[in-house]
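Written below as structure tokens is the structure these notes are about.
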Amino acid sequence: MNEDLTAYRRYFPITQRYAFLNHASAAPLSTRVQEAMQRLIGARVTGEDLSTDGEAIVVHLREMCAELVGGEPEEIALTRNTSHGLNIAANGILWRPGDNLITAQTEFPANVYPWTNLSRKGIEVRFAPAPDNRILVEDIEKLLDERTRLVALSFVEFYTGYRNDLTAIGQICDDRGIFFSADAIQGLGALPLDARAAKLDFLSTGAAKWLMGPIGTGFFWCRKEFTEHLIPAVAGWRGVVDTDDYFRYDSPLRSDARRFEEGSPNVAGLWGFEASLSLLLEVGIPRIEAHIMALTDYLIVGLQDRGYPIISPIASRSERSGIITFLPKSGSAEELHQSLTEADVVVSQRGPGIRVSPHFYNTGEDIDRLLDVLP
Ligand SMILES: Cc1ncc(COP(=O)(O)O)c(C=O)c1O
């Protein structure tokens, strides 16, 4: 275990009481996020900050979001959540009735409704199966035809933590001129992702899970070649070139992804997001991934030793992420979740499974606290 990361626990007072292993739900905030948000609020209370956009911080945030996905700041629109970004893509493509798109049967609903909402435009949504909770590249390929315009998948599946082979799927999409969209919320902040190398066209995420930012913040990345071709599904005064000319109604849209930022941003939230992302990049995503993988290795062995069935695909490390989901040996998932909650071990119950999702500041002792509760 990469124990030198324990120094960062001081930013997470939640560790004083809880074994918090629930980053696939909503992460606790660090004191660095708290300080940043309080600084902004304090400055606005006293009048020290009279600006309306918190611009310097927001510029830095945009740069870091770009760095995180291997993109450029011009390709980043700051959004409210994952759904916001997915809808910008879904409603921005010039669809033709009879077109189809492909997603999978194991997607979180956030990555389904923006697409099924297109049925009113005559678009068919096809769902790839997930045998043994794995989405196979060949199953995606089988669903493609000459009317397929887009593939929309999660970077990491929310229930089992299965890490999709974005590079292989992206190559297939690229070869056939099909758009490729990722819901990246269950991976970004925990695992490296190079959006361009994966041949993605759009990527959407919220900040409140593995990115450890405030709920209600996120970003959308759009490959710059497409930015100007997406129909602006949201349009507004802050998305145009002459934002500050309040007497003009015919300013062109900005050429970069800020064209999708229609109105005033959630400044306090973005200040918090800037602080959370600064901390993650300071630690380094490859280091974070290595630590999370070591913690989940340890968890897997502990569960297997005690005879608990693991439903996350774990045969190959490349298919794993920060999420491990297992089934109770006896009794219900509700009962087991209740016992864990009473012991201050925070995890999620999802259907019949218990989902565990540690982050970089967790330790082997946090995992032990979970294992100790198991009957
Ligand atoms: C894969 C996935 N996408 C999206 C979301 C949330 O969507 P949003 O950020 O729009 O609330 C979740 C979990 O809440 C999720 O697991």
Side-chain angles (χ1 to χ4, degrees), residues 23-24 27 57-90 92 108 110-111 150-158 163-171 173-174 179-213 217-227 230 256-261 265 270 273-290 292 318 321-322 359-360:
H23 299 86
I57 293 290
V58 173
V59 166
H60 186 225
L61 172 59
R62 210 184 294 279
E63 287 166 1
M64 289 191 298
C65 292
E67 183 186 337
L68 187 70
V69 299
E72 293 167 25
E74 294 69 33
E75 297 176 314
I76 303 293
L78 298 168
T79 54
R80 296 186 294 275
N81 47 44
T82 321
S83 306
H84 188 182
L86 291 167
N87 274 287
I88 293 172
F108 188 78
N111 194 31
L150 176 123
V151 173
L153 285 178
S154 287
F155 177 16
V156 168
E157 296 297 320
F158 82 101
R163 189 191 316 204
N164 275 300
D165 189 348
L166 294 186
T167 306
I169 298 166
Q171 189 58 54
C173 292
D174 194 49
F179 289 118
F180 189 26
S181 161
D183 168 342
I185 195 170
Q186 290 293 6
L188 281 188
L191 313 173
L193 176 61
D194 183 331
R196 266 179 193 277
K199 305 260 168 48
L200 282 163
D201 299 305
F202 318 112
L203 175 153
S204 308
T205 190
K209 299 184 191 287
W210 301 91
L211 291 170
M212 308 198 77
T217 58
F219 72 90
F220 171 66
W221 170 86
C222 176
R223 181 191 283 275
K224 65 175 175 228
E225 294 86 325
F226 293 125
T227 312
L230 275 191
D256 62 27
R258 282 184 303 166
R259 58 171 37 205
F260 305 120
E261 295 177 11
L270 295 182
F273 184 12
E274 195 266 350
S276 71
L277 191 46
S278 296
L279 176 57
L280 295 176
L281 293 182
E282 195 178 301
V283 181
I285 302 296
R287 239 172 124 204
I288 291 176
E289 180 189 34
I292 290 174
S318 64
S321 66
H359 213 324
F360 75 100

If you look at every heavy atom in Leu277 and Met64, which pair is closest and at what distance?
-> CD2-CB, 3.7 Å
Distance in Å, Asn111 CG paired with Gln186 CD, rounded so as to fall on 0.5 Å steps = 11.5 Å
Rounded distance [0.5 Å steps], CG in Leu280 versus CG in Leu68 = 8.0 Å
Between Arg62 (side chain) and Ile76 (backbone), is there a donor-acceptor pair under 3.5 Å?
-> yes
Relative to each other, are the rings of Phe202 and Phe226 parallel, tilted or perpendicular (30° and 60° limits)?
-> tilted
Side-chain (Thr79) to main-chain (Gly218) donor-acceptor, under 3.5 angstrom = yes
Only one of Glu75, Glu72, Glu74 passes salt bridge (Lys or Arg N to Asp or Glu O under 4.0 Å) with Lys224; say which it is.
-> Glu72
d(Asp174 CG, Ile169 CD1) to nearest 0.5 Å is 13.5 Å
In Å and rounded to the nearest 0.5 Å, what is the CZ to OG1 distance from Phe220 to Thr227?
-> 8.0 Å
Examine distances only and state if a side-chain atom of Asn164 and a backbone atom of Leu166 form a donor-acceptor pair shorter than 3.5 Å.
-> no
Taking the side chain as C-beta and beyond, is there a heavy-atom pair between Leu203 and Phe219 under 4.5 Å?
-> yes
Closest heavy-atom pair and its distance - Phe155, Ala184 | CB-CA, 3.9 Å
Within-4.5 Å side-chain heavy-atom neighbours: Ile185 and Phe158 = no
Under a 4.5 Å cut-off applied to non-hydrogen side-chain atoms, are Ile57 and Leu270 in contact?
-> no
Mind listing the closest non-hydrogen atom pair of Arg259 and Leu230 along with its distance?
-> NH1-O, 3.9 Å
Any idea which heavy atoms bring Ile285 and Gly189 closest together, and the distance?
-> CD1-O, 3.8 Å
Shortest non-hydrogen separation from Ile292 to Gly322 and the atoms involved | CG2-CA, 3.5 Å
His359 side chain vs Trp210 backbone, donor-acceptor pair below 3.5 Å = yes
Drop me the distance from Arg223's CZ to Phe180's CZ, to the nearest 0.5 angstrom.
-> 11.0 Å
CG (Leu211) and NE2 (His23) are apart, to the nearest 0.5 Å, by 11.5 Å
For the residue pair Ser276 and Met212, what are the closest heavy atoms and their distance?
-> CB-O, 3.2 Å
Might you work through the side chain to side chain contact (heavy atoms under 4.5 Å, CB included) test for Cys65 and Thr205, ending with a clear yes or no?
-> CA-CA 10 Å; Cys65 292; Thr205 190; over 6 Å; no
Could you tell me whether the side chain of Ser204 reaches within less than 4.5 Å of the side chain of Asp183, counting heavy atoms only?
-> no
